[in-house]
Amino acid sequence: MSNNACLVPTSFWLTGIPGLEPLHVWLSIPFSSMYLVAVVGNVTILAVVKIERSLHQPMYYFLCMLAIIDLILSTSTMPKLLAIFWFGAHSIGWEACLAQMFFIHCFATVESGIFLAMAFDRYVAICDPLHHTTVLTNGVVSHLGMAALLRGVLYIGPLPLMIRLRLPLYRTQIISHSYCEHMAVVTLACGDTAVNNLYGMGIGFLVLILDSLAITASYVMILRAVMGLATPEARLKTLGTCGSHICAILVFYIPIAVSSLTHRFGHHVPPHIHILLANFYLLIPPILNPVVYAVRTKQIRERLLHILKPGIQPK
């Protein structure tokens, strides 16, 4: 084909980790291990919250939503990546590629929305504790979860739709990535991609920047309320209830920020570093969120100890 030739693809070819193809089998060991840890950890959190009645509270319902989202995010990418590593299954159908794109970006957006809802929960619990149970009822919690899901669908739904309707022709079928990331697909298109680029950047701004600003604002108000408490012990105890949430937020936003900044400004960074970072930001939160909450939450920790050592009774 000539350099100017374009084609209508029926499938794409995912390279995996470009530049590290000879190491794919060895890379499968840490990636499969991390995926297994993520699945076991999040399923364990769901089981513990279901079993332990004292955890039937808004904060832990949101934690269950995070666990489900993390399972979807990691499962959207890891099985295909491991298939590339183990079996050389690089090909992915056109429809499957768009579906994978939708699930990855949609549920990353939903997870950001759940963190925002959790910040609201902590704000009410600390700044207006007498009304916490009346404000954050089970119905309100479920509505907040559905709102986060609906926002993700409405924001991300147009991405694959615009690709399908506006960009039918492509210079190549080879995607230099391990999954169908939006920009990795758009950059291969022959047509005008300005609208797709602007929409993708706009959604990134709405989700990451505005959500993080809203979460920061809620914690500023929380900090003001905490500083008004009488004793340092009371302040430390109150802030301790927010520790798990703050850790989970950092675990979610820092890898995304590092990956995005490296992609935008790290023009001299090798391609395999970009792809590894893009995979890590989908794997790190599913791995660390269960660990953070298991370590920092007394009820979850005691229930896990009771499961592992039946002789120990949770207090």
Side-chain angles (χ1 to χ4, degrees), residues 1-18 68-84 88-113 146-211 256 259-260 263-264 271 274-275 277-279 281-282:
M1 296 178 65
S2 67
N3 291 333
N4 295 323
C6 293
L7 56 92
V8 179
T10 56
S11 63
F12 286 105
W13 180 273
L14 295 170
T15 59
I17 312 296
I68 294 170
I69 292 165
D70 285 339
L71 286 171
I72 294 172
L73 275 176
S74 56
T75 304
S76 297
T77 56
M78 284 304 108
K80 181 60 182 177
L81 180 60
L82 294 176
I84 293 172
H90 294 270
S91 180
I92 183 170
W94 171 242
E95 301 291 344
C97 184
L98 294 181
Q100 186 186 54
M101 180 192 303
F102 171 78
F103 276 101
I104 292 169
H105 294 295
C106 175
F107 282 94
T109 303
V110 175
E111 184 157 2
S112 183
M146 288 302 298
L149 177 61
L150 182 62
R151 186 186 72 152
V153 172
L154 291 176
Y155 278 9
I156 304 303
L159 284 181
L161 188 62
M162 286 194 299
I163 288 177
R164 185 171 183 82
L165 296 178
R166 300 188 70 256
L167 304 174
L169 299 175
Y170 292 82
R171 290 186 296 274
T172 178
Q173 293 173 275
I174 300 173
I175 301 175
S176 297
H177 211 296
S178 59
Y179 57 84
C180 290
E181 195 268 336
H182 175 249
M183 288 308 301
V185 175
V186 168
T187 53
L188 304 180
C190 290
D192 181 11
T193 62
V195 174
N196 302 74
N197 291 332
L198 288 173
Y199 187 82
M201 292 173 61
I203 292 301
F205 174 81
L206 284 174
V207 173
L208 294 179
I209 305 300
L210 295 187
D211 282 9
I256 290 180
S259 179
S260 299
H263 182 75
R264 295 290 179 186
H274 288 290
I275 308 306
L277 287 173
N279 280 282
Y281 97 71
L282 294 177

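For clarity, every value in this text was computed on a predicted model and none was experimentally measured. For reference, positions follow the sequence shown, starting with 1.
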Quick check: do [X] and [Y] have side-chain heavy atoms less than 4.5 Å from each other?
X      : Y      : value
Glu95  : Arg164 : yes
Tyr170 : Val185 : yes
Pro79  : Thr75  : yes
Ser178 : Thr77  : no

Exercise. Would you say the side-chain atoms of Tyr179 pair up with the backbone N or O of Ala278, donor to acceptor, closer than 3.5 Å?
Worked result: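 Confirmed, Tyr179 side chain pairs with Ala278 backbone.
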
Using atom types as modelled, flag every donor-acceptor pair under 3.5 Å from a side chain in residues 146-162 to any protein atom, sequence neighbours excluded.
from: Arg151; atom 1: NH1; to: Asp211; atom 2: OD1; distance (Å): 3.0
from: Arg151; atom 1: NH1; to: Asp211; atom 2: OD2; distance (Å): 3.3
from: Arg151; atom 1: NH2; to: Thr109; atom 2: O; distance (Å): 3.3
from: Arg151; atom 1: NH2; to: Asp211; atom 2: OD2; distance (Å): 2.7

Exercise. Do you know which two heavy atoms are closest between Ser76 and Ile104, and how far apart they sit?
Worked result: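 Answer, listing the atom of Ser76 first, then Ile104: CB-CG1, 4.0 Å.
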
For this session: Please report the closest heavy-atom contact between Ser74 and Leu71, naming both atoms and the distance.
Result: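 Where Ser74 meets Leu71 most closely, the heavy atoms are OG-O, 3.3 Å.
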
Side-chain donor-acceptor pairs under 3.5 Å in residues 5-17, sequence neighbours left out?
from: Thr15; atom 1: OG1; to: Ile175; atom 2: O; distance (Å): 3.4
from: Thr15; atom 1: OG1; to: His177; atom 2: N; distance (Å): 3.3

For this session: Pick out which of Thr193, Val186, Asn196 makes a side-chain contact (heavy atoms from CB on, under 4.5 Å) with Arg166.
Result: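 Running side-chain contact (heavy atoms from CB on, under 4.5 Å) over Thr193, Val186, Asn196 with Arg166 returns exactly one hit, Asn196.
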
Exercise. Can you pull the side-chain hydrogen bond (donor to acceptor under 3.5 Å, both in side chains) pairs that have at least one residue in residues 97-107, sequence neighbours excluded?
Worked result: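 The answer is none; no pair qualifies.
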
Exercise. Would Ile163 and His182 satisfy side-chain contact (heavy atoms from CB on, under 4.5 Å), going step by step from the backbone distance to the final call?
Worked result: CA-CA 9 Å; Ile163 288 177; His182 175 249; 3.8 Å; yes

Exercise. Going from CD on Glu181 to SG on Cys97, what distance comes out if it is rounded to the nearest 0.5 angstrom?
Worked result: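 Output value for this atom pair is 10.5 Å.
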
Problem set entry | Value rounded to 0.5 Å, distance of CD1 in Ile256 from CG in Leu282 |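 If I round to the nearest 0.5 Å, the distance is 8.0 Å.
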
Problem set entry | More than 12 heavy atoms from other groups under 6.0 Å of CZ on Phe102 |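 Yes, CZ of Phe102 has more than 12 neighbouring heavy atoms, counting only those of other groups under 6.0 Å.
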
